[in-house]
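To keep things clear, I will list the structure first and then write my remarks on it.
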Amino acid sequence: MKQLLLAEEAAQLLLGILALYFQSLHVSWWLWPLLILAPDISMLGYMAGTKTGAFTYNLFHHKLVAILLACAGYTLHNDALLFVGCLLFTHSCMDRVLGYGLKYPDNFQHTHLGWVGKARRTK
């Protein structure tokens, strides 16, 4: 089952990359590789505590938020919003492929995919 879910996330990652590539966005191509890790800035929320950190992290890494932004950008003919939505979606898929999921409010290393980092080895 784990391999099946990994394959699904990898396919979604490819879909996100293709969406960015095939959209006729008026955005320079070099912005995508430059900004692919930008959603991780949401981890700064952890400086205010684990509950706030989990909220901000999950807000920037939830695929529904990304899809809604992309759809809004498409509907409103707003290239920047469409780009941000596609970027958030692709980043979230990349994180899932690497084993990082949405965060629980108790611990940064506790995700919906299980424990990550050192906590994974001790659990």
Side-chain angles (χ1 to χ4, degrees):
M1 181 59 83
K2 187 175 183 177
Q3 297 298 351
L4 184 61
L5 292 173
L6 184 62
E8 180 182 42
E9 290 297 339
Q12 289 178 29
L13 173 61
L14 181 61
L15 176 67
I17 292 169
L18 290 174
L20 283 165
Y21 179 76
F22 285 112
Q23 287 297 323
S24 54
L25 300 175
H26 298 84
V27 178
S28 297
W29 68 268
W30 53 267
L31 280 176
W32 188 83
L34 181 70
L35 296 175
I36 190 62
L37 296 177
D40 284 336
I41 203 161
S42 63
M43 286 187 276
L44 291 174
Y46 278 94
M47 292 193 313
T50 56
K51 220 176 216 184
T52 303
F55 175 79
T56 59
Y57 183 91
N58 291 341
L59 182 64
F60 280 74
H61 289 81
H62 198 285
K63 290 181 188 176
L64 180 60
V65 171
I67 290 168
L68 290 175
L69 285 173
C71 287
Y74 181 80
T75 303
L76 299 171
H77 304 287
N78 184 323
D79 286 347
L81 201 55
L82 179 57
F83 178 78
V84 168
C86 288
L87 184 78
L88 289 175
F89 181 82
T90 305
H91 176 88
S92 297
C93 294
M94 181 184 71
D95 273 3
R96 303 299 196 295
V97 167
L98 296 173
Y100 299 101
L102 299 175
K103 308 296 185 187
Y104 284 102
D106 62 341
N107 189 310
F108 176 77
Q109 296 173 324
H110 190 194
T111 77
H112 83 283
L113 299 175
W115 291 86
V116 295
K118 290 181 183 178
R120 181 180 194 174
R121 286 175 250 151
T122 61
K123 299 285 179 199

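What you are looking at is a predicted structure, and each value in this text was computed from that prediction instead of being measured.
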Run the side-chain contact (heavy atoms from CB on, under 4.5 Å) test on H61 and M43 for me, step by step, so that the C-alpha distance in whole Å, both residues' side-chain angles and the decisive distance to 0.1 Å come before the verdict. CA-CA 11 Å; H61 289 81; M43 286 187 276; 5.8 Å; no
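Contact of the L102 side chain with the R96 side chain is registered, since non-hydrogen atoms from C-beta on lie closer than 4.5 Å. The shortest distance between side-chain heavy atoms of L5 and E8 falls below 4.5 Å. Side-chain contact check for V97 versus L6: some heavy-atom pair is nearer than 4.5 Å.
Classification of the H110-W115 ring pair by plane angle, with boundaries at 30° and 60°, yields parallel. Aromatic ring orientation, H77 versus Y74: tilted (interplanar angle from 30° to 60°).
Between Y57 atom OH and L44 atom CG the span is 13.0 Å, to the nearest 0.5 Å. The distance from the CG atom of L31 to the CG atom of L87 is 9.5 Å, given to the nearest 0.5 Å. Interatomic distance, CD of E9 versus CG of D95, reported as 10.0 Å (0.5 Å rounding). Between atom CG of residue L76 and atom SG of residue C71 there is a gap of 10.5 Å, rounded to the nearest 0.5 Å. How far CZ of F83 is from OG1 of T90: 9.0 Å, rounded to the nearest 0.5 Å. The line from OH of Y104 to OG1 of T111 is 8.0 Å long, rounded to the nearest 0.5 Å.
Note: the hydrophobic cluster containing L15 does not contain L88 (ILVMFWY, side chain heavy atoms under 4.5 Å, direct or indirect links). Under the 4.5 Å side-chain contact rule for hydrophobic residues, Y46 and L37 share a cluster. Both I17 and M94 are part of a single hydrophobic cluster, where members link through side-chain heavy atoms under 4.5 Å apart.
No donor-acceptor pair under 3.5 Å is formed between the side chain of T52 and the backbone N or O of G49.
Closest heavy-atom contact between F60 and S92: O-OG, 4.1 Å. The two residues L81 and N78 make their nearest non-hydrogen contact at N-OD1, 3.0 Å. Considering every non-hydrogen atom in both P105 and A54, the closest pair reads CA-CB, 3.8 Å.
Within 6.0 Å of atom CG in L59, more than 12 heavy atoms from other residues, nucleotides or ligands are found, so the atom counts as buried in its surroundings. Around CZ of F55, the count of heavy atoms belonging to other residues, nucleotides or ligands within 6.0 Å does not exceed 12.
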